[in-house]
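Report on the following structure.
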Amino acid sequence: EVQLVESGGGLVQAGGSLRLSCETSGFDLYAHTITWFRQAPGKGREGVSSITVGDGRIFYGATVQGRFTVSSDNPKNTVYLQMNNLNPADTAVYYCAARRKTYGSSWYIRETYNHWGQGTQVTVSS
C-alpha cells in the first residue's frame with residue numbers, strides 16, 4: 001500500500017524556520033517524483049518544490065526559491081522540506097504527493113499526482 005505521511009508543521013514567527021518530513025512507503029522512491037504542494041485558505045493548491053531522487057532533478061516555485069530546500073534520505077524513504085525565512089504568506093496546509101517519474105509533464109501540475117499525504121499545517125505569525 002502506498003503511503004505518504006507528512007510531519008513537522010507548526011506555528012512559527014516570521015523569519016523562523018521549520019523542517020517538514022514526508023515519510024513514504026509502498027513504492028520505489030527512485031522511480032517516483034515527490035512534490036510538496038501547499039494550500040492556503042481560499043486558494044488553490046500550489047506547487048512548492050519537487051525532487052526526483054532517481055535522476056537528481058529538483059525544482060522550486062518562484063515564491064520559495066532561495067528560502068526552501070528539498071532533500072531526501074533514501075535509506076529512510078523520506079523527503080524533507082527545509083523552510084527558512086518564513087513569512088505569513090507561507091501559511092498553508094502542506095502536502096507531499098508522489099507520481100511515477102516522467103519527463104512529459106510539469107512538476108507543479110497537481111492533477112498528475114495520484115498519491116497524496118494527509119497534510120500538515122504551517123502557520124507563520126507576523
Exercise for review: Please assess Phe59 against Val70 for the test side-chain contact (heavy atoms from CB on, under 4.5 Å), listing each intermediate value before the final yes or no.
Suggested key: CA-CA 9 Å; Phe59 299 100; Val70 67; over 6 Å; no
Let me have the donor-acceptor pairs involving side chains of residues 35-43, under 3.5 Å, with sequence neighbours excluded, atom names and distances please.
{"residue": "Thr35", "atom": "OG1", "partner": "Ser50", "partner atom": "OG", "Å": "2.9"}
{"residue": "Thr35", "atom": "OG1", "partner": "Tyr113", "partner atom": "OH", "Å": "2.6"}
{"residue": "Arg38", "atom": "NE", "partner": "Glu46", "partner atom": "OE1", "Å": "2.8"}
{"residue": "Arg38", "atom": "NH1", "partner": "Asp90", "partner atom": "OD1", "Å": "2.9"}
{"residue": "Arg38", "atom": "NH1", "partner": "Tyr94", "partner atom": "OH", "Å": "2.9"}
{"residue": "Arg38", "atom": "NH2", "partner": "Glu46", "partner atom": "OE1", "Å": "3.4"}
{"residue": "Arg38", "atom": "NH2", "partner": "Thr63", "partner atom": "OG1", "Å": "3.3"}
{"residue": "Gln39", "atom": "OE1", "partner": "Arg45", "partner atom": "NE", "Å": "3.1"}
{"residue": "Gln39", "atom": "OE1", "partner": "Arg45", "partner atom": "NH2", "Å": "3.1"}
{"residue": "Gln39", "atom": "NE2", "partner": "Lys43", "partner atom": "O", "Å": "3.0"}

Practice item. Begin with the C-alpha distance, continue with both residues' side-chain angles, and end with the deciding distance and a verdict on side-chain contact (heavy atoms from CB on, under 4.5 Å) for Leu20 and Val122. Key: CA-CA 9 Å; Leu20 305 184; Val122 171; 4.0 Å; yes
Point to revise | Euclidean distance, Asn77 CG relative to Gln3 CD, rounded to 0.5 Å | key: 12.5 Å
Study note, to complete from the structure: Tracing side-chain contacts under 4.5 Å among Ile, Leu, Val, Met, Phe, Trp and Tyr outward from Tyr80 reaches none
Exercise for review: Quick one: which residue pairs count as a side-chain hydrogen bond (donor to acceptor under 3.5 Å, both in side chains) with a foot in residues 15-31, not counting sequence neighbours?
Suggested key: Ser17-Asn84, Tyr30-Asn74
Check your understanding: With hydrophobic residues grouped by side-chain heavy-atom distances under 4.5 Å, do Tyr95 and Phe68 end up in a single group?
Key -> no
Exercise for review: Would you mind listing every disulfide bond (SG atoms under 2.5 Å apart) that reaches into residues 21-126, with sequence neighbours excluded?
Suggested key: Cys22-Cys96
Review point. How would you list all residue pairs meeting salt bridge (charged side-chain N to carboxylate O under 4.0 Å, His left out) that involve residues 98-113, not counting sequence neighbours?
Key: none
Check your understanding: Val79, Ile58: one ILVMFWY side-chain cluster at the under-4.5 Å cut-off?
Key -> yes
Practice item. Kindly give the heavy-atom pair with the smallest separation between Ile34 and Ala98, and that separation in Å. Key: CD1-CB, 3.6 Å
Practice item. Decide yes or no for Leu81 and Ser49: does some side-chain heavy atom of the first lie under 4.5 Å from some side-chain heavy atom of the second? Key: yes
Point to revise | 4.5 Å side-chain heavy-atom contact, Asn87 and Arg67 | key: yes
Practice item. Spell out, yes or no, whether Leu18 and Ile51 are grouped together once hydrophobic residues are joined by side-chain heavy atoms under 4.5 Å, including indirect joins. Key: yes
Point to revise | Shortest non-hydrogen contact from Ser105 toward Thr102 | key: OG-CG2, 3.9 Å
Practice item. Could you tell me which residues satisfy side-chain contact (heavy atoms from CB on, under 4.5 Å) with Val2, sequence neighbours excluded, listed by chain and number? Key: Leu4, Phe27, His115
**Study point:** salt bridge (charged side-chain N to carboxylate O under 4.0 Å, His left out) pairs, two or more places apart, involving residues 51-60
**Key:** Asp55-Arg57
Exercise for review: Could you pull out all residues at least two apart from Ser106 that satisfy side-chain contact (heavy atoms from CB on, under 4.5 Å)?
Suggested key: Tyr108, Ile109
Exercise for review: Report yes or no: does Gln118 contribute a side-chain atom to a donor-acceptor pair with the main-chain N or O of Val5 at less than 3.5 Å?
Suggested key: no
Review point. Can you tell me how far the CH2 atom of Trp107 sits from the OG1 atom of Thr112, to the nearest 0.5 Å?
Key: 11.0 Å
Review point. If every non-hydrogen atom of Ala14 is compared with every non-hydrogen atom of Ser126, which pair is closest and at what distance?
Key: CB-CA, 4.3 Å
Review point. Does Thr123 have any side-chain hydrogen bond (donor to acceptor under 3.5 Å, both in side chains) partners at least two apart in sequence or in another chain, and if so, which?
Key: Gln121
Point to revise | disulfide bond (SG atoms under 2.5 Å apart) pairs, two or more places apart, involving residues 57-86 | key: none
Point to revise | Heavy-atom pair of closest approach, residues Val12 and Gly16 | key: CG2-CA, 3.8 Å
Practice item. Could you pull out all residues at least two apart from Thr52 that satisfy side-chain hydrogen bond (donor to acceptor under 3.5 Å, both in side chains)? Key: Thr33
